[in-house]
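Report on one structure; see the data block that follows.
Sequential numbering from 1 along the given sequence is applied to the chain's residues. Note that ligands are numbered from 1 as they come in the structure, with each ligand's atoms numbered from 1 the same way.
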Amino acid sequence: MNIQTPPTLQELAVRSLLRNEAMAMFYLGELPAVLFPEVFKEAFARRHINIVKEMVAVWPFPRLAVGALMETPNLEIYKALLDGVDMELKEEFQHREKNLKVLDLRNVHHTFWNICADEGKSGCSSETLDKKQAVKVFPRYALRQRLRVIADLSLKLSLNKTQAYFLNWVQQRKSSLHFCCIKMKIWSLPFQDIKGILNVFDKEQIAELELHTKWTLLQLRHFAHYFGQMRNLRKLILAPLHMTTFSTIERTRVRETRSVNNFISQFSQFNCLQHLFMSQVHFLRVQMHQILGCLMTRLETLSITNYITSQRDLNFLSCCESLFQLKHLDLRGTVLYSLDLMPLRALLHKVEDTLEILQLEGCRMIDSQLNALLPALGQCSQLTKINLYKNDFSMHILRALLQHTDNWNKIVVEQYPAPLECYELSHVSRERFSQLCSQLMATLRAIRQPKNIAFASKMCQRCAKHCVYTQVTRLCRCWH
Ligand SMILES: [Zn+2]
């Protein structure tokens with residue numbers, strides 16, 4: 001029998017209050033603070049626009065985080081939230097005590113009730129901070145004393161209705177509120193539009209920036225000015241949407257080079273950067289070492305993928321202190337064939353006590369290069385994942401690699417290329433694939449028990465699939 005938990009007395013009281021909107025509005029002033037979150041949640045869910053608006057204006061806690069309530073954004077309720085802020089700013093509310101310091105619109109996972117309850121308890125600390133700030137009112141502090149509105153932004157060419165409304169609302173209140181964006185994603189939006197937005201939001205509050213743009217190298221110069229002000233960036237993802245190349249006209253090329261150098265120099269402003277991802281950033285060709293040289297912090301993640309690297313870039317890896325505590329190194333699709341990998345080996349030695357994830361898929365390395373890395377690879381005792389797919393290794397060197405892995409006590413995911421001996425005229429031989437992969441598996445099992453291991457062939461030229469050997473053999477479509 002399904003017995004439903006009966007509603008609590010408080011829930012019944014809240015529902016009863018909201019049944020009559022006029023009465024609820026009348027009694028809001030006398031509502032105990034402890035009931036605000038429950039009433040707000042119910043009013044939000046039932047889309048009582050006027051009550052939501054009024055409650056934001058008289059919110060008794062320092063913070064109102066509504067993200068958990070906005071899983072399916074609704075423009076009307078969103079407008080009500082912002083109208084509530086407007087009411088709070090109005091004259092008739094000036095005599096009231098201003099409790100609300102932060103309106104958090106981010107759609108992040110948390111429990112609405114817990115946020116309110118915790119904030120209620122921590123209210124005094126926030127108040128103390130504000131009193132401290134009130135001692136000397138520098139422009140920066142004055143900004144912080146304003147009500148903060150926090151949002152994450154994903155800016156694409158076509159904004160949805162809620163975003164468009166919000167950004168328009170923001171522009172009109174830039175002098176009275178403090179706008180913060182924690183995660184900003186910019187997709188192919190014209191720079192002029194981005195400029196308007198960056199002029200309103202506090203650049204120092206941006207912790208994560210993702211750039212996917214079609215800007216030219218000269219447009220990059222304009223962005224560099226804002227980029228350098230994002231001093232508290234923790235995570236940066238650069239992934240241009242098309243290959244930006246230098247002009248063939250000498251004069252333009254000089255200006256472009258200056259623009260790129262200016263952009264690179266901004267990396268020295270980032271005091272908190274921990275995770276750096278760059279994919280297909282071809283305009284930085286032969287200048288990656290300059291970026292690494294500008295870094296002020298020790299990175300946890302370095303991801304340089306699908307990039308045309310140079311020996312000079314690679315040489316810099318072994319002497320760049322910012323990389324000496326890496327947990328995650330990702331060079332997928334960066335062709336290392338024909339380069340001397342001793343600097344990479346030196347880097348692996350530096351990070352042997354910290355590196356957890358190593359991704360070298362599609363680097364087109366050959367036996368002698370893997371051989372150079374083996375002594376360092378074997379010492380990486382913290383590895384939980386290694387991906388070496390799409391490299392050209394023979395049976396002999398793969399066996400040697402596996403024999404060097406007895407130190408890998410934490411490894412969970414291992415991805416290796418199928419040995420070159422599996423191929424006959426560039427096609428996978430079914431029998432040899434199964435036989436050789438099973439031999440490699442036996443080699444490894446003699447040393448330790450793998451958890452999640454796979455050997456994969458190159459992509460089949462006929463069906464564009466791979467043959468994969470795990471505990472069982474999974475062949476490409478051509479064999480079915
Ligand atoms: Zn096939």
Side-chain angles (χ1 to χ4, degrees), residues 239 241-243 277 279-280 282 303-309 328-339 341 357-371 373-374 377 383-405 408 411-480:
L241 290 174
H242 70 126
M243 201 185 224
F277 299 82
S279 182
Q280 300 191 62
H282 297 291
S303 170
I304 304 173
T305 54
N306 303 311
Y307 171 70
I308 305 164
T309 194
H328 183 180
L329 176 60
D330 180 2
L331 298 175
R332 280 173 299 161
T334 294
V335 177
L336 300 175
Y337 175 75
S338 84
L339 295 175
L341 297 194
I357 299 175
L358 178 61
Q359 291 173 287
L360 296 172
E361 176 180 345
C363 292
R364 292 175 52 198
M365 289 186 289
I366 56 173
D367 280 9
S368 59
Q369 292 179 307
L370 181 58
N371 195 40
L373 299 181
L374 278 190
L377 268 180
L383 273 184
T384 57
K385 178 179 178 179
I386 186 161
N387 178 354
L388 292 172
Y389 281 159
K390 298 181 192 167
N391 284 286
D392 297 327
F393 299 146
S394 70
M395 190 67 188
H396 171 73
I397 196 71
L398 279 170
R399 193 176 278 136
L401 167 68
L402 297 176
Q403 285 167 341
H404 270 78
T405 63
W408 294 1
I411 198 88
V412 179
V413 179
E414 304 173 68
Q415 295 166 321
Y416 303 109
L420 291 173
E421 289 84 346
C422 291
Y423 302 93
E424 278 173 4
L425 297 173
S426 78
H427 292 294
V428 172
S429 151
R430 182 181 189 170
E431 292 73 26
R432 292 188 69 75
F433 179 75
S434 299
Q435 184 197 350
L436 295 175
C437 292
S438 107
Q439 283 178 18
L440 288 169
M441 200 74 99
T443 303
L444 185 58
R445 287 215 169 102
I447 297 166
R448 61 180 167 79
Q449 283 306 307
K451 288 191 177 115
N452 182 344
I453 183 168
F455 294 88
S457 72
K458 294 175 191 171
M459 193 173 74
C460 172
Q461 290 170 358
R462 293 193 204 118
C463 70
K465 296 282 173 192
H466 303 266
C467 296
V468 182
Y469 182 95
T470 51
Q471 304 299 330
V472 290
T473 305
R474 202 171 70 232
L475 296 165
C476 75
R477 285 178 184 169
C478 306
W479 294 104
H480 297 297

Exercise. Quick check: does C467 put an N/O/S atom under 2.8 Å from the Zn ion (ligand 1)?
Worked result: no
Problem set entry | Pair E361 + R332, salt bridge at N-O below 4.0 Å | no
Seminar exercise, completed: Angle subtended at the Zn ion (ligand 1) by C476 SG and C460 SG, to the nearest 10 degrees, is 110°
For this session: Check whether any side-chain N or O of N391 sits under 3.5 Å from a backbone N or O of L360 as a donor-acceptor pair, and report yes or no.
Result: yes
Problem set entry | From CA spacing to verdict: side chain to side chain contact (heavy atoms under 4.5 Å, CB included), Q359, L331 | CA-CA 6 Å; Q359 291 173 287; L331 298 175; over 6 Å; no
Exercise. Heavy atoms, side chains only, cut-off 4.5 Å: are W408 and R448 in contact?
Worked result: yes
Exercise. Roughly, to 10 degrees, what angle do C463 atom SG and C478 atom SG form around the Zn ion (ligand 1)?
Worked result: 110°
